[in-house]
Amino acid sequence: MADGPVAELLLRRLEASDGGLDSADLAAELGVEHQAVVGAVKSLQALGKVIEAELRSTKRWELTSEGEEIAQEGSHEARVFRSIPPEGLAQSELMRLPSGKVGFSKAMSNKWIRVDKSTADGPRVFRVVDSMEDDVQRRLQMVQWGQAEKLGEKERSELRKRKLLAEVTLKTYWVSKGSAFSTSISKQETELSPEMISSGSWRDRPFKPYNFLAQGVLPDSGHLHPLLKVRSQFRQIFLEMGFTEMPTDNFIESSFWNFDALFQPQQHPARDQHDTFFLRDPAEALQLPMDYVQRVKRTHSQGGYGSQGYKYTWKLDEARKNLLRTHTTSASARVLYRLAQKKPFTPAKYFSIDRVFRNETLDATHLAEFHQIEGVVADHGLTLGHLMGILREFFSKLGITQLRFKPAYNPYTEPSMEVFSYHPGLKKWVEVGNSGVFRPEMLLPMGLPENVSVIAWGLSLERPTMIKYGINNIRELVGHKVNLQMVYDSPLCRLDAKPRPPPTQEAA
Ligand code: FB9
């Protein structure tokens, strides 16, 4: 029989049964694992209408592992009774027996034994009856033989209280004859071979019905890392808002574009080894637009454009130092400088999403690199109000509606604001970015017109991705410790989808 003896026995039993049979009963009857019967039911179901099988959950009495052991070896009290010789046994010795403790008190309460405390060498235990019935063992064996319902409620609850018996909910099948029921099942063909066609034998061979609902085998395909899935969503948002992507294909940047062009003074703490990765080779940037550099130098050292500047000796060598960019705002400076060269000025909206590097203390949410997302809008007469407006527009596309702005400081923007949003899943206000209006000391040396102002904001790609995917440690998302299965199984979490509850401990 194609589907093995259990299936055969099931069909024969079904043949004999009136109405149907329960898979667990059949298993107990055949003395096989219930799973084997379930397997047979499934394979017979696959043959079409041979059987009907309705899944149902039934409450069942099952012995616990201790119940199994007692059904096998007898109850503790019975074993204690049997271990007492006619001349009795020292209680201390009896207590050392494996079933000693539990068995002694039960045998005492069953009045099978007694203790004589008066004996010389300490209390001694004696039998009271010649023989006893190990009802506990018998009742447990009845359960094993599938006759639990023959036990009285009291007997059952006593065995439950002694953790020898437990009520389990078993998923069983109620099997009945199908419209194509028969006890003889011929092997169903699954392939239509050329011989069958040429011989015509396909005409009288039973074929396994096609399962058009079968899930296909997932084709092996590439998988986008969650960060890249979220990056593409941010890209989509910027493109929808009419922004153009800035070129950021240079991790190595000169101190000039990364700091000086942004009016960040050369003695600013961020410009030392502790925060920035400087390069030994190539150590210096040779190509710098010198006329623009002179204007930056003067603005830093003497001021201009209404600013008093920083009044320090600005050094070209310092500006030439190469480093790993600490923000993509360096790319914004390059693009704004190029925009300034185009006369007359045309308003522009740019964005960038790429890696930046900071020599920071590593912790669960910080690595030495992350992806910065930056938006820049250059136009006539833009104000802080415009910045707040476009931040609301931008974050609303992330499904983030409740925003708060907190005054902040950046060397290259004045005024500056940190942006906070209330995260219902985390039930707290989360900092979702930083922003500001670029300083005239940055824009005017580039050659941008007086009445042009530039608003900009930035955030990371990692933070929203970690929150969206419920990842708490950045190392689960980025780096050699990432378990690729997470990448394969990571669903495309729509950024604007309702936040899902934070992962509970066990899920974590
Ligand atoms: O991404 C950040 N937070 C964030 C963003 C989105 C988000 O989405 C959730 C789905 C709902 C959740 C959180 N932050 C910026 C805020 C904090 O995480 C902060 O602690 C860490 N920041 C990084 C820098 O850390 C040193 C995030 C990174 C950051 C900070 C500032 C900028 C860019 C990235 C900027 C800027 C800027 C300012 C003015 C002009 C131009 C650019």
Side-chain angles (χ1 to χ4, degrees), residues 226-227 230-231 233-234 237 246 248 258 261-264 270 275-276 325-333 335-336 350-378 382 384 387 390-391 394-439 442-443 453-471 474 477 493-500 502:
L227 267 180
V230 175
R231 180 179 69 177
Q233 291 178 52
F234 273 106
I237 289 171
M246 291 183 256
T248 54
N258 196 80
L262 302 176
F263 194 56
Q264 189 151 351
D275 283 346
T276 299
R325 62 171 175 226
T326 62
H327 48 200
T328 55
T329 317
S330 51
S332 306
V335 167
L336 288 169
Y350 298 113
F351 80 94
S352 63
I353 306 176
D354 211 329
R355 282 181 192 213
V356 299
F357 307 85
R358 296 190 181 177
N359 185 357
E360 273 170 349
T361 45
L362 310 184
D363 63 21
T365 58
H366 282 86
L367 287 173
E369 60 184 79
F370 68 89
H371 290 76
Q372 174 168 347
I373 300 170
E374 179 148 319
V376 175
V377 182
L382 290 178
L384 196 65
L387 178 56
I390 203 159
L391 284 170
F394 176 77
F395 280 104
S396 68
K397 291 181 180 288
L398 290 178
I400 296 175
T401 49
Q402 285 178 285
L403 285 186
R404 275 191 187 158
F405 302 115
K406 178 177 165 225
Y409 170 80
N410 296 310
Y412 37 86
T413 52
E414 188 55 42
S416 310
M417 304 188 295
E418 275 170 358
V419 185
F420 287 78
S421 96
Y422 183 75
H423 196 287
L426 304 172
K427 290 192 182 39
K428 64 178 181 168
W429 284 88
V430 177
E431 183 193 348
V432 289
N434 192 308
S435 66
V437 181
F438 281 134
R439 299 180 71 109
M442 168 184 165
L443 303 179
S453 52
V454 181
I455 56 178
W457 71 95
L459 63 156
S460 76
L461 182 61
E462 282 74 5
R463 295 296 299 132
T465 307
M466 288 171 73
I467 290 179
K468 276 294 161 199
Y469 285 86
I471 295 170
I474 187 94
L477 180 66
C493 278
R494 289 208 47 69
L495 275 174
D496 55 359
K498 286 288 146 285
R500 58 201 179 127

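Everything numeric in this text was worked out from a predicted model, so none of it was measured. Note that the numbering runs from 1 along the sequence shown for the chain. Counting convention: from 1, in listed order, for ligands and their atoms alike.
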task: Give a yes/no on ligand 1: does Ile400 have at least one heavy atom closer than 4.0 angstrom to it?
output: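 Per 4.0 Å heavy-atom rule, Ile400 contacts ligand 1.
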- prompt: Closer than 4.0 angstrom: is that true for some heavy atom of Glu462 and an atom of ligand 1?
  reply: no
statement: Looking at His423, Glu418, Met466, Arg463, the heavy atom closest to atom 18 (O) of ligand 1 belongs to Arg463
message: Going by the closest heavy atom to atom 32 (C) of ligand 1, which one wins out of Ser421, Gly425, Gly458?
response: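 Among Ser421, Gly425, Gly458, the closest heavy atom to atom 32 (C) of ligand 1 comes from Gly458.
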message: If I apply the N/O under 3.5 Å rule, does Tyr412 come out as touching ligand 1?
response: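 It does not: no N or O of Tyr412 is found under 3.5 Å from an N or O of ligand 1.
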Under 3.5 Å: N/O of Lys468 near N/O of ligand 1: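 No, no N or O pair falls under 3.5 Å.
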Check each atom of ligand 1 against the heavy atoms of [X] and keep those under 4.0 Å away; list them by number with element.
X	result
Ala456	40 (C), 41 (C)
Arg358	24 (C), 25 (O), 26 (C)
Glu374	41 (C), 42 (C)

Within a strict 4.5 Å, meaning less than it, do heavy atoms of the [X] and [Y] side chains meet?
X	Y	answer
Val356	His371	no
Val437	Tyr412	no
Phe394	Val419	no

Ser435 contact mode with ligand 1 (heavy-atom cut-off under 4.0 Å):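 Just the backbone.
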Under-4.0 Å heavy-atom contact with ligand 1, by part of Asn434 that carries it: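 Looking at Asn434 and ligand 1, atoms from backbone and side chain both fall under 4.0 Å.
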- request: Flag the pair Tyr422 / Trp429 as yes when their ring centroid distance falls below 6.0 Å, and as no otherwise.
  value: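 Judged by ring-centre distance (under 6.0 Å), Tyr422 and Trp429 do meet the cut-off.
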- request: Sort out for me which residue in Asn410, Leu391, Asn434 forms a side chain to side chain contact (heavy atoms under 4.5 Å, CB included) with Met417.
  value: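 That would be Leu391; it is the only one of Asn410, Leu391, Asn434 passing the side chain to side chain contact (heavy atoms under 4.5 Å, CB included) with Met417.
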- prompt: Just by modelled atom types, is the Thr328 backbone N or O under 3.5 Å from a matching donor or acceptor in the Gln372 side chain?
  reply: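 Looks like yes, one N/O pair under 3.5 Å.
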query: Backbone N or O of Val432 within a donor-acceptor pair of the Ser421 side chain at under 3.5 Å?
result: no
- request: Take Thr276 and Asn359 through the side chain to side chain donor-acceptor pair (under 3.5 Å) test and state the conclusion after the steps.
  value: CA-CA 5 Å; Thr276 299; Asn359 185 357; over 6 Å; no
